[in-house]
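Structure first, then comments.
In each ligand, atom 1 is the first atom listed, and ligand 1 is the first ligand listed. Numbers for residues simply follow the sequence, beginning at 1.
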Amino acid sequence: MSPQPEGIRGATISGTGMYVPERVLTNADLEKMVDTTDSWIVERTGIRERRIARDDEPSSEMAVIAVRRALESAKLEPKDIDQIIVVTTTPDRFLPSCACTIQKKIGASNAAAYDVFAACTGFIYGLGLARSLIGSRVAETILVIGVEKLSSIVDYTDRNTCVLFGDGAGAAIVQPAQPGQGILAVSMRSDGELGEVLEIPAGGSARPMDEAAVRAKDNTIHMRGKELFKIAVRTMEESLREALNEAGVGMDELKLVIPHQANQRIIDAMRDRLGVPADKVITNIDRYGNTSSASIPISLDEVVREGRLKPGDHVAFVAFGGGVTWGASVMRWTMPAPLVPVEPATLVSARRS
Ligand code: ACO
């Protein structure tokens, strides 16, 4: 837990944006690819469809569209950005970083740009980092981007994993806030002892990619789903309670909870343990599947544009992911609600160069 020391200035989200690719992969499509059924996938995960990026659409391309929308909503230009923090497991390549590639594409020439690896918890980690950098006056305007092209690391012959994941990007602009406004608490945790429950065995310095690794599909996600399920429910409950406690906000004061979209049953189990009513918990896993670090900023942008958050509302984010990592954040919302709510469907299909 990292409480903001007294006297440190606050930080808040002043703009959001999201993008998902046009191509839809439905459960019916997956029935033709692996031994599975629509009813199994819906019952066990809540997922009906997910988006898949084009071959010529790497993570940076998706991120650029989300970033342009976030900048527009914050009424900022790329040159206003001091730092670009990209949270991802699927950078375009390992060198240069995905953040530097995005910096080049948007022309954010005044920014320091770097990637952070915290798997599905990435957005919470990025928010925690941005809050500290703004609190300590190292930066004024920080872009936090969660982006994933998980289709590039999924084995589409493995029914245990291929039904779960999708591609997409979400972005948030973090800027200074008045004391007691904006990000009130961030809880960031990890336990490397549990790392093997979710891993990509090859492609790093421990085991560089070679033909044998590709033949064994060790360049794709390997997951012990049942173990992860239990870890997820326990850690998300713990960290949300921790962040609420730090923020001095009661569970019943939350307007919305935006959880990482990993599995509908994980979200439901967490919700039951916390005693939060279903209508306060955001889910879009039926439409996008699990987009890892992108899932919270995608969900956030949707609720913001639907006008579901207004200044003074309390909103919480909570996530877990590979590493194992987990965390939560509680905010007192500061962005004005849009005058005319924007339908998510128009966002999803809208494309911008
Ligand atoms: N279609 C049909 N049957 C399947 C499928 C499928 N797509 N996948 C697995 N099965 C079978 C299994 O082979 C198993 O068969 P068996 O009993 O003959 O061995 C049976 O279904 C039950 O499998 P379980 O693993 O027990 O199913 P479970 O109810 O646990 O659901 C799931 C599996 C969905 C993976 C669940 O464990 C889960 O969601 N775990 C967490 C996964 C997760 O959150 N991953 C991402 C975390 S981090 C991040 O977001 C990157």
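- Residue, atom and distance of the protein heavy atom nearest to atom 31 (O) of ligand 1 are Arg265 NH2, 3.3 Å.
- Only side-chain heavy atoms of Leu198 come within less than 4.0 Å of ligand 1; its backbone N, CA, C and O stay farther off.
- Using a 4.0 Å cut-off to heavy atoms of Ala262, the atoms of ligand 1 that qualify are 44 (O).
- Thr141 and Asp80 are not linked by any side-chain donor-acceptor pair at a separation below 3.5 angstrom, with hydrogens and angles left out of the test.
- Atom 20 (C) of ligand 1 is never approached by the protein to below 4.0 angstrom, counting heavy atoms only.
- Distance from atom 33 (C) of ligand 1 to its nearest protein heavy atom, with residue and atom name: Trp40 CH2, 4.0 Å.
- Neither side chain, Gln103 nor Tyr114, offers a donor N or O lying under 3.5 Å from an acceptor on the other.
- Under 4.0 Å from ligand 1, not a single heavy atom of Leu30 appears.
- Some N or O of Gly225 is nearer than 3.5 Å to an N or O of ligand 1, by distance alone.
- The shortest separation from a heavy atom of Leu228 to ligand 1 is under 4.0 Å, placing the residue in contact.
- The Val163 neighbourhood of ligand 1 comprises atoms 7 (N), with distances under 4.0 Å to a heavy atom of that residue.
- Looking at atom 1 (N) of ligand 1, its nearest protein heavy atom turns out to be Thr36 OG1, 2.6 Å.
- The closest side-chain donor-acceptor pair between Thr291 and Glu148, if any, does not fall under 3.5 angstrom.
- Counting only heavy atoms, the protein gets under 4.0 Å from atom 3 (N) of ligand 1.
- Looking at heavy atoms from C-beta onward, Glu253 lies in side-chain contact with His314 at the 4.5 angstrom threshold.
- Nearest protein heavy-atom contact of atom 46 (C) of ligand 1 is Asn290 ND2, 3.4 Å.
- Between the side chains of Ser190 and Thr325, no donor N or O sits under 3.5 Å from an acceptor N or O.
- Looking at Asn27 and Val42, their side chains come closer than 4.5 Å, going by heavy atoms from C-beta outward.
- For atom 45 (N) of ligand 1, the nearest protein heavy atom (residue, atom name, distance) is Met223 SD, 3.2 Å.
- Counting heavy atoms from C-beta on, the side chains of Thr12 and Ile183 never come closer than 4.5 Å.
- Between Thr45 and ligand 1, a contact under 3.5 Å exists for no N or O pair.
- For atom 16 (P) of ligand 1, the nearest protein heavy atom is 4.0 Å or more away.
- Distances below 4.0 Å separate heavy atoms of His260 from the following atoms of ligand 1: 49 (C), 50 (O).
- Closest to atom 49 (C) of ligand 1 among all protein heavy atoms lies Cys120 SG, 2.4 Å.
- A salt bridge is defined here as a Lys NZ or Arg NE, NH1 or NH2 lying under 4.0 Å from an Asp or Glu carboxylate O, and Arg54 with Glu22 fails to meet this definition.
- The presence of a protein heavy atom under 4.0 Å from atom 27 (O) of ligand 1 is confirmed.
- Contact annotation for Asn263 and ligand 1: only side-chain heavy atoms (C-beta onward) come within less than 4.0 Å of the ligand.
- Donor-acceptor pairing under 3.5 Å is lacking for the side chains of Thr26 and Glu49.
- The contact set between ligand 1 and Arg44, taken as ligand atoms under 4.0 Å from a residue heavy atom, comprises 22 (C), 27 (O), 28 (P), 29 (O).
- Side-chain atoms of Gln181 and Thr334 form no donor-acceptor pair, as typed in the model, at a separation below 3.5 Å.
- Atoms of ligand 1 found under 4.0 Å from any heavy atom of Ile266 (numbered from 1 in listed order, with element): 41 (C), 44 (O).
- Counting protein heavy atoms only, atom 11 (C) of ligand 1 is closest to Arg159 NH2, 3.6 Å.
- Arg48 and Asp286 are not joined by a salt bridge, as no carboxylate oxygen comes within less than 4.0 angstrom of a charged side-chain nitrogen.
- Any N or O atom pair closer than 3.5 Å counts here, and Ser292 shares no such pair with ligand 1.
- In summary, the side chains of Thr16 and Asp301 do present a donor paired with an acceptor at a separation below 3.5 Å, with no hydrogens or angles considered.
- Side-chain polar atoms of Ser293 and Thr88 form no donor-acceptor pair below 3.5 angstrom.
- For a threshold of 3.5 Å applied to N or O pairs, the pair formed by Thr37 and ligand 1 contains no separation below that value.
- Applying the 6.0 Å contact sphere to CD of Glu199 captures more than 12 heavy atoms from other residues, nucleotides or ligands.
- Inspection of the Ser299 and Asn284 side chains reveals an N or O donor paired with an N or O acceptor under 3.5 Å.
- Looking at atom 9 (C) of ligand 1, its nearest protein heavy atom turns out to be Asn160 OD1, 3.1 Å.
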